[in-house]
Number of protein chains: 2
Amino acid sequence: MFSLAEENYLKAIYHLEQDTKGGVSTNSIADKMDTKPSSVTDMVQKLADKGVLSYKKYKGTTLTTKGRKTAAGVIRKHRLWEVFLVDKLKFHWDEVHEIAEQLEHIKSEELVNRLDKYLGHPDFDPHGDPIPDKNGNVKKTEKKLLSELTKKQKGVCVGVKETSSEFLQYLDKRNITIGTKLTVLGKEFFDGSMIIQVGRDQFFISKKTAENLYIQTT
Amino acid sequence: MFSLAEENYLKAIYHLEQDTKGGVSTNSIADKMDTKPSSVTDMVQKLADKGVLSYKKYKGTTLTTKGRKTAAGVIRKHRLWEVFLVDKLKFHWDEVHEIAEQLEHIKSEELVNRLDKYLGHPDFDPHGDPIPDKNGNVKKTEKKLLSELTKKQKGVCVGVKETSSEFLQYLDKRNITIGTKLTVLGKEFFDGSMIIQVGRDQFFISKKTAENLYIQTT
DNA sequence: CTTCATTTTTAGACAAGGCTAAAAATTAAA
DNA sequence: TTTAATTTTTAGCCTTGTCTAAAAATGAAG
């Protein structure tokens with residue numbers, strides 16, 4: 001039905017739509033896909049013909065319901081495979097993204113359903129991202145970025161925004177992972193840095209880090 | 001390193017080499033790959049340049065050691081994934097081939113090693129085919145085709161030659177699977193058909209079926 | 001309301017893989 | 001051994017997805 005390249009475009013546009021009001025710009029897609037705007041134009045025209053997105057010259061694109069569902073299907077597979085890699089094959093959470101990028105394109109409805117069942121119908125992947133259900137719906141939780149919290153607030157780490165190995169390993173070194181409880185001890189006004197408490201340890205957290213950690217406040 | 005198409009060619013040539021003396025012909029590859037001879041010529045020339053096979057115009061091709069190892073690696077992945085699908089996800093042995101055809105191209109050494117370990121280092125796939133080890137070596141067993149047995153011989157079914165769903169489902173209907181013990185009760189001379197005993201049941205087996213069942217005689 | 005920087009699209013080209021039609025080599029038959 | 005049939009290769013074209021360079025549209029600033 002959809003080629004590997006097409007699925008990757010849909011996925012990228014799906015993600016971009018989530019933090020953009022209105023249509024997604026050609027340049028932003030090119031940026032995310034690490035490709036050239038001209039290539040994006042070609043592809044979105046093709047995808048518009050296929051009915052998975054609507055496209056107006058110079059005005060950006062928006063996924064149709066069909067497109068959104070297709071993208072969610074790919075993301076569902078990606079996240080389920082990540083759970084498999086971490087829970088069953090004992091990979092570390094910073095090693096699974098690349099492999100899941102490949103596995104997400106395996107075509108078999110039955111496979112996804114059985115994998116889902118085998119893993120116990122997980123709701124979140126190892127990075128705390130929600131796994132869309134068969135119909136492409138995600139149960140969204142009200143989570144905040146650590147950077148949005150203020151002094152003395154407590155919360156549980158429920159996800160990461162950035163998923164690079166460097167960042168995940170950095171968190172590991174500080175024993176921060178999904179489920180970690182933490183408290184904001186202080187927040188520096190001029191540079192956005194924070195001091196947080198994790199268990200008995202206290203850490204300095206840069207603004208950049210704080211903007212990439214999702215917290216569920218309690 | 002190798003594209004999907006290249007890997008598929010290597011795999012096909014690897015299989016063809018096993019039942020061919022001398023080089024593998026262009027036409028036989030085209031046949032197996034369901035493609036045109038002209039396309040095969042192009043590809044084998046490219047693969048020869050890459051050093052995975054030797055090719056002499058009009059004389060057929062032979063895998064180099066590197067090529068054989070690469071092909072075995074792909075086959076190793078295919079068969080390990082088949083074990084996963086059957087043992088863990090409870091797929092039926094006639095449903096896994098197509099999915100494994102996709103999974104065999106996932107690139108990650110670490111993934112294969114962990115999968116192998118997770119599955120308990122299996123030696124055979126669900127169809128009884130041997131799984132090459134990390135170095136591409138297969139332990140070959142002395143197995144015969146059912147059609148080679150004679151009256152009163154007993155044996156255990158250890159594999160199938162043909163792997164189409166139709167054939168596997170046909171075997172299932174007769175309760176024949178890997179590990180099934182059977183005895184040849186009679187063999188018809190003029191059409192090669194046989195009567196075999198499986199447990200308490202007796203079955204008529206056509207020549208075609210007998211030529212696609214591997215038996216280890218006891 | 002022009003002008004200029006930015007964004008986006010178009011046009012033309014390229015690499016991978018595949019196909020068709022025609023030419024060349026090989027093998028088999030008479 | 002000369003011809004005929006078969007196999008294999010070559011030549012040229014197509015599609016997918018990409019790129020660069022140039023043109024066109026948009027929008028921000030004066």
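Residue numbering restarts at 1 for every chain, and letters A, B, ... go by the order of the sequence lines. Side chains included, hydrogens not; waters and symmetry mates left out as well; all remaining heavy atoms used.
For D:dT18, the OP1/OP2 oxygens have no side-chain nitrogen or oxygen of A:Thr35 closer than 4.0 Å.
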Donor-acceptor list for residues 94-103 of chain B side chains, cut-off 3.5 Å, not counting sequence neighbours:
residue, atom, partner, partner atom, Å
B:Asp94, OD1, B:His92, ND1, 2.5
B:Asp94, OD2, B:Gln169, NE2, 2.5
B:Glu95, OE1, B:His92, N, 2.7
B:His97, ND1, B:His78, NE2, 3.4
B:His97, NE2, B:Glu101, OE2, 3.2
B:Glu101, OE1, B:Lys11, NZ, 3.2
B:Glu101, OE2, B:Lys11, NZ, 3.1
B:Gln102, OE1, A:Lys107, N, 2.6
B:Gln102, NE2, A:Lys107, O, 3.0

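For the pair A:Tyr214/A:Leu145, a side-chain contact is recorded, criterion being any heavy-atom separation below 4.5 Å from C-beta on. Contact check for A:Ile178 versus A:Trp93: side-chain heavy atoms found under the 4.5 Å cut-off.
A straight line from CG of B:Leu4 to C1' of C:dG18 spans 14 Å, rounded to a whole angstrom. In this structure, the CG atom of A:Asp42 is 13 Å from the P atom of D:dT20, given to the nearest Å. If you measure from atom CE of B:Met43 to atom P of C:dA15, you get 16 Å, rounded to the nearest angstrom. Whole-Å rounding puts the B:Lys36 NZ to D:dC14 C1' distance at 16 Å.
For B:Lys90 (side chain) and A:Tyr118 (main-chain N/O), no donor-acceptor pair under 3.5 Å exists by modelled atom type.
There is a side-chain donor-acceptor pair under 3.5 Å between A:Asp191 and A:Ser193.
Residues meeting the side chain to side chain donor-acceptor pair (under 3.5 Å) test with B:Glu148, sequence neighbours left out: none. Every residue meeting the side chain to side chain donor-acceptor pair (under 3.5 Å) condition with A:His105, not counting sequence neighbours, appears here in chain and number order: A:Glu7, A:Asn8. Scanning for ring-ring contact (aromatic ring centres under 6.0 Å, His included) contacts around A:Phe84 gives A:Trp81, B:Phe84, with sequence neighbours left out.
The B:Gln45 side chain lies nearest to D:dT10 when the options are C:dC19, D:dC19, D:dT10.
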Using a 4.0 Å cut-off on protein heavy atoms (strictly under), produce a 5'-to-3' string for nucleotides 2-8 of chain C with B for base contact, S for backbone-only sugar-phosphate contact, and - for none. -----SB
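For the segment residues 6-22 of chain A, residues with any heavy atom less than 4.0 angstrom from an atom of DNA chain D are, sorted by number, A:Tyr9.
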